[in-house]
Amino acid sequence: QVQLVESGGGLVQAGGSLRLSCAASGRTFSGYTMGWFRQAPGKERESVAAISWTGDFTYYADSAKGRFTISRDNTKNMVYLQMNSLKPEDTAVYYCAACSSGWFQCAHRKENFGAWGQGTQVTVSS
């Protein structure tokens, strides 16, 4: 099983930017679809973005389109989420997750992602 550790969260004013990082270790990173999810207090965990192993395919939730960019560096076993134009409603714990199946099997559905990080808090003040 791959282990995931997120970093880069924090407190930022509305309109600001943050870059989240996810470091993968343990079992080979090769072939994994990676995703970012978030969970706000009292709400369900939701998908934010996902990226295929090669980076050829990406998915963004409507709330993330045009503001967030997911990327990965397979040589470093790293996944990133660049978040720009942050809004107070982006406040949540952000989780990195890995799915060992291919892009179309994983989709962006959280139930298909078997490995999760501990999460990093993102707080956007108004």
Q) Does the Arg67 side chain pair with the main chain of Gln82, one donor and one acceptor, at a distance under 3.5 Å? A) no
Q) How long is the span from the OH atom in Tyr32 to the CG atom in Asn74, to the nearest 0.5 Å? A) 13.0 Å
Q | Side chain to side chain, Thr33 and Phe113, heavy atoms closer than 4.5 Å | A | yes
**Q.** Heavy-atom side-chain contact between Trp103 and Trp53 under 4.5 Å
**A.** no
Q) To the nearest 0.5 Å, how far apart are CG in Leu20 and OG in Ser7? A) 8.0 Å
Q. Does the gap between the ring centers of Phe37 and Trp116 come in under 6.0 Å?
A. yes
Just list the side-chain donor-acceptor pairs under 3.5 Å for residues 91-101, sequence neighbours left out, or say none.
from	atom 1	to	atom 2	distance (Å)
Thr91	OG1	Pro88	O	2.9
Thr91	OG1	Val124	N	2.9
Thr91	OG1	Val124	O	3.4
Tyr94	OH	Arg38	NH1	2.9
Tyr94	OH	Asp90	O	2.6

Q | Non-hydrogen side-chain atoms of Met83 and Val48 separated by less than 4.5 Å | A | no
Q) What pair of heavy atoms forms the shortest contact from Gly26 to Gln3, and how long is it? A) CA-OE1, 3.3 Å
Q | Separation of Cys106 SG from His108 NE2 (nearest 0.5 Å) | A | 12.0 Å
Q | Atom of Ala24, atom of Val2 and distance for their closest heavy-atom approach | A | CB-CG2, 3.8 Å
Q. Just wondering, do Thr69 and Tyr80 contact through their side chains at under 4.5 Å, heavy atoms?
A. no
Q: Determine whether Arg109 and Ser47 make a side-chain contact, defined as any pair of heavy atoms from C-beta on separated by less than 4.5 Å.
A: no
Q | side chain to side chain contact (heavy atoms under 4.5 Å, CB included) between Phe68 and Leu18, intermediate numbers included | A | CA-CA 10 Å; Phe68 295 3; Leu18 282 175; over 6 Å; no
Q.
Can you give me the closest heavy-atom contact between Ser85 and Ser17, atom names plus distance?
A. N-OG, 4.3 Å
Q. Just wondering, do Gln118 and Glu6 contact through their side chains at under 4.5 Å, heavy atoms?
A. yes
(Q) Between Trp36 and Ile51, is there a side-chain heavy-atom distance shorter than 4.5 Å? (A) no
Q.
Does Arg72 form a side chain to side chain contact (heavy atoms under 4.5 Å, CB included) with Met34? I'd like the steps, not just the answer.
A. CA-CA 9 Å; Arg72 65 191 297 166; Met34 299 299 295; 3.6 Å; yes
Q | Heavy-atom donor-acceptor pair, Tyr60 side chain to Ile70 backbone, under 3.5 Å | A | yes
Q: Report the residues that fulfil side chain to side chain donor-acceptor pair (under 3.5 Å) with Thr123, sequence neighbours left out, ordered by chain and then residue number.
A: Gln121
Q) What about Val122 and Leu4, same hydrophobic cluster or not, with Ile/Leu/Val/Met/Phe/Trp/Tyr joined at side-chain heavy-atom distances under 4.5 Å? A) yes
(Q) Is it the case that over 12 heavy atoms from other parts of the model lie below 6.0 angstrom from the CD atom of Glu44? (A) no
Q | For Thr54, all residues meeting side chain to side chain donor-acceptor pair (under 3.5 Å), sequence neighbours excluded | A | Asp56
